[in-house]
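Just so it is clear: chains get the letters A, B, ... in the order the sequence lines come, proteins before strands, and each one is counted from 1. Just so we're clear, the structure is a prediction, and the values are computed from it rather than from any experiment.
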Amino acid sequence: MISFSNVSKRYPGGGQALHGLTLAIQAGELAFVTGHSGAGKSTLLKLIPAIERATSGSVIVAGQNVGALKRAALPFLRRNLGLVFQDQKLLYDRSVYDNVMLPLAISGHAPREAAPRARAALDKVGLLARERANPIQLSGGEQQRLAIARAVVSRPSILIADEPTANLDAESAGLILDIFVSFNQVGVTVLVATHDEALVRRYARRVVRLAAGRLAEDSGAA
Amino acid sequence: MRRWLREHRHALGAALARFAEQRTASLLNALVIGVALALPAGGYALLANLRALTQRFTLEPELTVFMRVEATRADADALGARLRSDARVRSVRFTSREAALKELRETAGLGDVVAALDYNPLPDAFVVRARDPQPAALEALAAELRAVPSVAEVQVDSAWARRLAALLDLGRLAVALLAALLGVALVAVTFNTIRLQILTRRDEIEISKLIGATDAFVRRPFFYLGLLQGAAGGLLAAGILWAALAALNVGVRELAQAYGSDFQLGFLRPAEAAALLAFSAALGWLGAYLSVSKYLREIEPK
Ligand SMILES: Nc1ncnc2c1ncn2[C@@H]1O[C@H](COP(=O)(O)OP(=O)(O)O)[C@@H](O)[C@H]1O
Ligand SMILES: [Mg+2]
């Protein structure tokens, strides 16, 4: 589903974030990417929606070489990915409901058809009762759940989350990870980056550990 | 097609929401555009009114034909008969040299001067109205009459109308220049509004691109916003012009009545008002287009 072959990434004017990394994530798999801060987790995830491009090596997502995609093709790649960010990237000038409607409007769905899907997504993360609220009124954990609802409302086959549990207490963090597990159980390929190794060890799932841009450990390579 | 309509409806909705969200700023911008456009639109309306007024005058084109002083009454009668039988002539009025002198004598203050003359220096004259009001036709008739041996001089009274027409042409050029200049200002105002909008919506643009928005999706609401602001400005310009003409017409009516006329300054015709609206909307769109082309590409998700 996602494969990295000998991928290196050097930021212009910055250091080398990834060194010849090779890694494959199978369809339907759930994998955690861990490692200390600066290990290259975020860089690895950003290569998948082509927010960043590899300096060398190839990144294949659902059969597409994303590093070679033209700018005009990126929206269509990204519509098939669910992205969750550490800072949520919510829109605070509109309601919880409208935040979840945005991806559907972007992909050209009619409001009549989009509305039930948005409500279903909010229901799955337990926020349906808050649909009229402004995201600013939500707790950190709720905001992160809203970000997940927005990521899954388009029913992507791949869900990618960068530090979704940062700044959350252990209970909220566990709730978030449980949501990812439940999406994986219905067939979604899930990739979650977190520096919190203790948290992910509680789940018997594949753990990919990076250190200084290199693969340091891979608990369950398929 | 339905999808295309849906996407445009969505963009228009987003633009309206942004317009409403910054109500005061949006209306002030529209007002600036409206005042700026009211100037050339007003100039245009006044010129159109003047042209209508001058056409009324040139609809009654007159030639004044002066006979030679030494010409006899028989010469005058012959020319009179010839003019009356000419198909190009609508009417002829004859003023004899005696009648002209009598009129001059009765003119206040000139009685003594006339009495001191021992001969009549005034010629017989004809006032000729032509059927064809075109200056060229008048000139042709005048040239023909000048060639008659007993005729001393022919005055074409449309000369002033021609001069006025030339002045109107000049006025039209000035209005066009003003419109072009203020059009550039309108584009600049919209350019800046949209630039500020793009900057304040940086997050939204970035997020939209992250979740799969095409450039067209991100751009469209800004285009509509520019278009809306331009159209609102055009509407205000029409309103300002209408109010100004209504105020001017109070005075114009009095003045016209003094001349026995019912003349009124007319507003733009519907097609002209529509053109004003389309012009301002198009300039708003252009300002948005330039702004979006310059600033939107710089915003990429990190
Ligand atoms: N935009 C950037 N420009 C320059 N250097 C960067 C940039 N983003 C990340 N880096 C560097 O790349 C390395 C890996 O960073 P990152 O992928 O964010 O690691 P992690 O998410 O594991 O903390 C770090 O040394 C970081 O300083
Ligand atoms: Mg990171």
Side-chain angles (χ1 to χ4, degrees), chain A residues 11-12 14 42-43 45-46 48-53 69-95 98-114 135 146-147 149-154 156 159-160 162, chain B residues 1-26 193-194 196-225 289 292-302:
Chain A
Y11 285 101
S42 296
T43 302
L45 295 195
K46 283 177 184 170
I48 298 167
I51 295 168
E52 295 291 351
R53 307 238 185 185
L69 284 181
K70 294 222 166 64
R71 195 186 129 84
L74 296 182
F76 306 98
L77 164 71
R78 290 174 186 168
R79 284 178 201 178
N80 292 320
L81 304 171
L83 305 180
V84 178
F85 308 92
Q86 177 175 353
D87 61 351
Q88 293 108 23
K89 296 197 188 294
L90 300 173
L91 293 172
Y92 296 97
D93 64 346
R94 63 196 71 188
S95 67
D98 286 341
N99 267 273
V100 182
M101 284 290 274
L102 184 64
L104 298 173
I106 283 174
S107 52
H109 287 84
R112 198 177 314 160
E113 167 196 345
L146 172 55
R150 187 184 63 191
V152 301
V153 72
S154 297
L159 193 51
I160 298 162
D162 192 6
Chain B
M1 187 65 195
R2 282 186 52 180
R3 184 188 171 122
W4 184 89
L5 273 179
R6 191 156 62 223
E7 288 179 355
H8 279 264
R9 201 178 323 132
H10 182 270
L12 182 61
L16 280 169
R18 290 172 197 184
F19 195 87
E21 199 176 289
Q22 315 226 318
R23 214 168 298 116
T24 316
S26 301
T193 311
I194 300 299
L196 290 175
Q197 276 283 332
I198 291 172
L199 293 182
T200 55
R201 298 195 172 267
R202 218 192 158 84
D203 286 351
E204 180 178 344
I205 293 165
E206 210 183 293
I207 291 166
S208 297
K209 285 190 176 181
L210 272 176
I211 57 186
T214 56
D215 285 344
F217 181 92
V218 176
R219 275 187 206 133
R220 238 180 257 126
F222 293 106
F223 288 164
Y224 272 106
L225 191 60
Y289 178 83
V292 161
S293 305
K294 180 156 169 52
Y295 296 106
L296 214 54
R297 250 179 187 270
E298 292 171 8
I299 302 178
E300 278 299 326
K302 277 278 164 304

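Counting heavy-atom pairs under 4.5 Å between each of A/Arg79, A/Arg150, A/Arg71, A/Lys89 and chain B puts A/Arg71 at the top.
Heavy-atom distances place no part of A/Pro49 under 4.5 Å from chain B, backbone and side chain included. Residue contact with chain B, scored on non-hydrogen atoms closer than 4.5 Å, involves the side chain of A/Asp93 exclusively. Only the side chain of A/Lys46 comes within contact range of chain B, judged by heavy atoms closer than 4.5 Å. If you measure heavy-atom distances from A/Leu83 to chain B, the contacts under 4.5 Å come from the side chain alone. In this structure, chain B has a heavy atom under 4.5 Å from the backbone of A/Leu90, while its side chain stays farther away. In this structure, the portion of B/Arg201 lying under 4.5 Å from any heavy atom of chain A is its side chain and not its backbone. In this structure, no portion of A/Tyr92 lies under 4.5 Å from any heavy atom of chain B.
Contacts from residues 6-23 of chain B to chain A, taken as heavy-atom pairs separated by less than 4.5 Å, involve B/Arg6, B/Glu7, B/His10 in sequence order. By a heavy-atom distance cut of under 4.5 Å, B/Ile207, B/Ser208, B/Lys209, B/Leu210, B/Ile211, B/Gly212, B/Ala213, B/Thr214, B/Asp215, B/Phe217 are the residues of residues 207-217 of chain B near chain A, going up by number.
Residue-environment remark: OH (B/Tyr289) stays at or below the threshold of 12 foreign heavy atoms within 6.0 Å.
A/Ser107 pairs by the side chain to side chain donor-acceptor pair (under 3.5 Å) definition with A/His109, not counting sequence neighbours. With sequence neighbours left out, the side chain to side chain contact (heavy atoms under 4.5 Å, CB included) criterion links A/Ala151 to A/Val84, A/Leu159.
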